[in-house]
Amino acid sequence: MSEWLVEGDTAPDFELRDDKNKIFKLSDCLGKPVVIFFYPKDDTPGCTKEACSFRDAASELSKSNAVVVGISGDSVQSHEKFRDKYTLNFPLLADVDNRVSTQYGAYREKNMYGKKSMGIQRSTYILDATGKIIKLFKRVSVDGHDQQVLDVLSTLASK
């Protein structure tokens, strides 16, 4: 089973295709805080609620100059439909082989109603402008999570 990265680690760089089929490189975001949220599946209730909460927090997130990206194992085409259906205003990255999710520890064994399976655990990493992990939420509860992220970013901005 993959291990979680920990706060204080430098986030591993990666390249993934986004919902516009363009290459997204984490290292291109150096100089800005980054919010990486891993989520199980496009257009499912919890994932939709989480993505829409980040969409709706765009003006608050922009105050901290933060880049927000969502990562799941869905295809570029699935991400494109999800983005368009909910007017999402940040990149959705296609980790179809779960390579990045595994590297970050988000792809792991899950247990739902006694049934074990491998999948992405809803989790969020917040990176500072140097790419260092300053906060990790391992098991995200969607309600209020956008505010938790904003609180961390506002603390970062006041330093």
Restricting to non-hydrogen atoms, name the atom on [X] and the atom on [Y] that form the minimum distance, rounded to 0.1 Å.
| X | Y | result |
| --- | --- | --- |
| R99 | E15 | NH2-O, 3.2 Å |
| I120 | G73 | CD1-N, 3.7 Å |
| D18 | P91 | CB-CB, 4.3 Å |

Do the non-hydrogen side-chain atoms of [X] and [Y] ever get within less than 4.5 Å of each other?
| X | Y | value |
| --- | --- | --- |
| F82 | T48 | yes |
| P40 | C47 | yes |
| E50 | R122 | yes |
| K138 | Q121 | no |
| L16 | I71 | yes |

Without swapping roles, check the side chain of S78 against the backbone of S75 for a donor-acceptor pair under 3.5 Å. no
Polar side-chain atom of N65 near backbone of K32 as donor-acceptor pair, under 3.5 Å:
no
Grouping I, L, V, M, F, W and Y whenever their side-chain heavy atoms are under 4.5 Å apart, do [X] and [Y] come out in a common cluster?
| X | Y | answer |
| --- | --- | --- |
| V96 | L26 | no |
| L150 | V35 | yes |
| V76 | F38 | no |
| V142 | L153 | no |

Test side-chain hydrogen bond (donor to acceptor under 3.5 Å, both in side chains), reference D42, set R83, Q77, K81, H79, output is H79
For the atom pair [atom1] ([X]) and [atom2] ([Y]), what is the distance rounded to the nearest 0.5 Å?
| X | Y | atom1 | atom2 | answer |
| --- | --- | --- | --- | --- |
| D146 | K49 | CG | NZ | 10.0 Å |
| S117 | K115 | OG | NZ | 5.0 Å |
| L5 | T10 | CG | OG1 | 10.0 Å |

Quiz item: Do D74 and S72 have a side chain donor and acceptor closer than 3.5 Å?
Solution: yes
If you measure only the distance, is there a donor-acceptor pair under 3.5 Å linking the side chains of H145 and T124?
-> yes
Those residues at least two apart in sequence (or on a different chain) that pass ring-ring contact (aromatic ring centres under 6.0 Å, His included) with F37 are Y39, F54, F90
Extract all donor-acceptor atom pairs below 3.5 Å that involve side chains of residues 130-137 and protein atoms in other chains or at least two apart in sequence.
unit_1, atom_1, unit_2, atom_2, d
T130, OG1, D128, OD1, 2.6
T130, OG1, D128, OD2, 3.4

Sequence neighbours excluded, the answer for side-chain hydrogen bond (donor to acceptor under 3.5 Å, both in side chains) partners of K85 is D43
Taken in chain and number order and not counting sequence neighbours, the residues that satisfy side-chain hydrogen bond (donor to acceptor under 3.5 Å, both in side chains) with D95 are S101
Those residues at least two apart in sequence (or on a different chain) that pass side chain to side chain contact (heavy atoms under 4.5 Å, CB included) with K116 are E109, N111
| said: Students often mix this up, so state it plainly: with edges at 30° and 60°, are the rings of Y104 and F14 parallel, tilted or perpendicular? | reply: perpendicular
Let me see the working for M118 and Y107 under side-chain contact (heavy atoms from CB on, under 4.5 Å), right down to the final yes or no.
-> CA-CA 7 Å; M118 293 299 291; Y107 186 78; 3.4 Å; yes
Name each donor-acceptor pair under 3.5 Å that joins a side chain in residues 55-63 to protein atoms two or more places apart or in another chain, with its distance.
unit_1, atom_1, unit_2, atom_2, d
R55, NH1, Y86, O, 2.6
E60, OE2, K63, NZ, 2.7
S62, OG, A58, O, 3.4
S62, OG, S59, O, 2.7

Checklist entry - Near K110 NZ, under 6.0 Å, is it more than 12 heavy atoms from other residues, nucleotides or ligands? => result yes
Worksheet item: Can K20 and E80 be said to form a salt bridge (charged side-chain N to carboxylate O under 4.0 Å, His left out), step by step?
Response: CA-CA 7 Å; K20 295 177 181 165; E80 184 181 3; over 6 Å; no
